[in-house]
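Input: a single structure, listed below in structure tokens.
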Amino acid sequence: MGSNSSRIGDLPKNEYLKKLSGTESVSENDPFWNQLLSFSFPAPTSSTELKLLEEATISVWRSLVENNPRTGNLGALIKVFLSRTKELKLSAECQNHIFIWQTHNALFIICCLLKVFICQMSEEELQLHFTYEEKSPGNYSSDSEDLLEELLCCLMQLITDIPLLDITYEISVEAISTMVVFLSCQLFHKEVLRQSISHKYLMRGPCLPYTSKLVKTLLYNFIRQEKPPPPGTHVFPQQSDGGGLLYGLASGVATGLWTVFTLGGVGSKATASPELSSPLANQSLLLLLVLANLTDASDAPNPYRQAIMSFKNTQDSSPFPSSIPHAFQINFNSLYTALCEQQTSDQATLLLYTLLHQNSNIRTYMLARTDMENLVLPILEILYHVEERNSHHVYMALIILLILTEDDGFNRSIHEVILKNITWYSERVLTEISLGSLLILVVIRTIQYNMTRTRDKYLHTNCLAALANMSAQFRSLHQYAAQRIISLFSLLSKKHNKVLEQATQSLRGSLSSNDVPLPDYAQDLNVIEEVIRMMLEIINSCLTNSLHHNPNLVYALLYKRDLFEQFRTHPSFQDIMQNIDLVITFFSSRLLQAGAELSVERVLEIIKQGVIALPKDRLKKFPELKFKYVEEEQPEEFFIPYVWSLVYNSAVGLYWNPQDIQLFTMDSD
């Protein structure tokens with residue numbers, strides 16, 4: 001690289017990179033490092049360009065892997081970086097652009113090297129490369145300093161202590177990216193890592209005291225969504241001899257990992273992706289999720305998860321219990337606002353799930369908000385566009401709703417929030433509807449989509465559980481929501497009849513042929529009957545607890561009363577049908593007495609009058625429907641691959657060869 005500009009294609013022949021990766025040891029005090037770190041080349045802006053860069057430099061990095069045990073040049077580079085970071089805070093305050101630029105470049109090279117090393121060798125071999133001793137080349141004694149741990153601590157200090165300014169933005173992103181790379185050994189293992197060197201460094205020793213400060217900083221980076229400085233904000237003047245560079249301090253910021261000093265200065269254009277307005281916030285969130293989902297050590301729980309579970313609101317003045325480690329405070333209002341605004345991404349939805357599920361302080365705060373629609377509407381939109389989302393994102397959104405519906409206060413309040421003109425709901429124009437009715441519509445639509453497409457029992461169960469939790473608190477259901485409840489039951493009824501007919505025909509066929517294997521219609525029938533019973537319980541719960549608040553549901557029941565006839569005497573549904581049958585019979589009688597040709601308005605009026613006259617003691621009481629979300633026994637088997645798939649797809653400026661990935665299957669670009 002060096003003080004002249006470098007194109008990607010020229011990198012394998014670059015004399016400075018050759019010296020770094022060659023057979024000659026370079027002292028950490030050698031002027032060579034200033035020359036090496038004064039490089040610039042147009043920043044890659046796509047995975048294709050990132051792939052080209054890796055392919056162009058792979059021969060250089062392989063030479064370093066081979067020669068470093070004898071030269072220790074990687075250790076020397078890291079020591080150069082470590083010594084520079086001690087002056088980084090002062091350099092930021094003094095606006096020392098060149099010093100910060102060179103420090104950034106050092107970290108950039110370290111990150112590239114770390115990624116190659118992690119991909120090509122075991123953690124034990126990696127550690128050997130970072131414990132080189134200059135006194136006796138090639139001798140890795142137990143007394144040698146562990147530069148890997150020192151580097152990691154330094155990165156944590158950089159992320160938490162260096163003020164975020166225009167000139168430090170990119171090195172902050174770089175430090176976070178390097179930590180992600182440091183933990184990326186998980187990508188190259190099929191099984192979830194439970195004992196690793198990276199875990200050891202992060203969960204004990206000199207890194208541990210930074211736990212709460214790091215988590216807090218990453219959260220605030222997500223909250224603030226700081227955009228990169230505009231191109232040309234800081235530009236170095238070109239030297240008169242033409243041999244220097246015109247450095248655009250903020251050009252190419254969208255690539256994150258790569259150097260921000262690109263040729264062309266003010267004339268260069270940053271190609272920031274519109275979906276990623278803040279690389280710093282994106283990388284911070286990914287690192288936070290990776291840390292939160294590290295498995296516990298054999299002798300200690302994950303401290304980063306502990307920090308996420310226990311932090312409190314800045315307005316909470318109560319003292320932290322001494323039993324809670326890594327505690328800190330953060331502004332809940334700012335966090336809530338950011339979570340509401342960022343739900344278009346998988347990782348923001350996963351963070352919301354993590355906080356709601358694991359931090360009782362956050363959950364209590366959110367459920368007490370009077371503007372829950374700001375949070376619920378983006379979640380509903382994720383479910384509404386189920387065809388465009390991956391299944392993990394849909395599951396997270398659904399589980400968030402399930403957690404929220406465990407609270408009766410939430411279930412009551414959502415029916416008091418009136419929304420106008422929901423533009424993304426296209427099946428029907430909704431000029432005015434309660435948040436509760438909209439939630440019901442979207443969940444039912446998700447169930448119907450699942451019935452016809454994915455047929456995922458887990459998704460079915462969670463959708464129905466959310467509806468069941470809400471059912472006793474249904475209030476003033478929108479007529480369309482009431483219709484959709486009954487329409488779903490109609491769809492289930494038709495499916496039941498179809499499966500029952502198939503089972504009957506199959507049984508007849510089995511009597512004439514013993515050799516042909518038969519489909520297990522009995523199991524299918526059992527599943528569909530479980531779902532039908534759940535729907536009947538939801539309807540029954542509403543009628544029993546809030547009949548007087550829901551004339552539209554009674555109207556829909558009466559309009560489709562024939563649907564329920566076949567289930568009155570069915571042994572699986574007889575008990576739960578008693579109340580529904582009573583309501584249908586009672587109101588049908590009153591309508592019959594009122595005469596024929598009744599208008600919709602007149603029917604609703606009769607229903608409202610009949611609700612008062614209906615003896616409540618005739619409705620049989622059933623146990624309250626309450627379902628609680630319970631995480632799987634080994635949640636890491638789901639969450640760790642999920643988080644790393646997000647890193648793989650979303651990390652700024654990081655590229656991994658799909659063929660090297662072992663944790664999950666990815667298609668090549």
Would you list the atom pairs, donor with acceptor, under 3.5 Å between side chains in residues 205-215 and any protein atom, with sequence neighbours excluded?
from: Tyr210; atom 1: OH; to: Gln157; atom 2: NE2; distance (Å): 3.0
from: Thr211; atom 1: OG1; to: Leu208; atom 2: O; distance (Å): 2.7
from: Lys213; atom 1: NZ; to: Asp161; atom 2: OD1; distance (Å): 2.7

Ser25 side chain vs Thr71 backbone, donor-acceptor pair below 3.5 Å
yes

Test the Lys216-Phe311 pair against the cation-pi criterion, namely NZ or CZ under 6.0 angstrom from the six-membered ring centroid and within 45° of the ring axis.
no

Output yes when a side-chain donor or acceptor of Gln225 lies under 3.5 Å from a complementary backbone atom of Phe222, and no otherwise.
yes

Under 3.5 Å, is there a donor on one side chain and an acceptor on the other for Asn282 and Gln347?
yes

Do any N or O atoms from the side chain of Ser278 and from the backbone of Glu226 form a donor-acceptor pair under 3.5 angstrom?
yes

Just by distance, do the side chain of Asn68 and the backbone of Leu74 share a donor-acceptor pair under 3.5 Å?
yes

I'd like to know if the side chain of Asp146 pairs up with that of Tyr201 as donor and acceptor (distance under 3.5 Å, no hydrogens or angles considered).
yes

Does either side chain, that of Gln343 or that of Thr349, offer a donor lying less than 3.5 Å from an acceptor on the other one?
yes

Can you check whether Leu202's main-chain N or O pairs, donor with acceptor, with Tyr304's side chain at less than 3.5 Å?
yes

Look only at the side chain of Asn359 and the backbone of Leu355, and say whether a donor-acceptor pair between them is shorter than 3.5 Å.
no

Without swapping roles, check the side chain of Gln186 against the backbone of Leu193 for a donor-acceptor pair under 3.5 Å.
yes

Backbone N or O of Ser27 within a donor-acceptor pair of the Trp33 side chain at under 3.5 Å?
yes

In terms of side-chain geometry, is the basic nitrogen of Glu28 or Arg84 positioned less than 4.0 Å from the acidic oxygen of its partner?
no

Can you check whether Ile197's main-chain N or O pairs, donor with acceptor, with Glu123's side chain at less than 3.5 Å?
yes

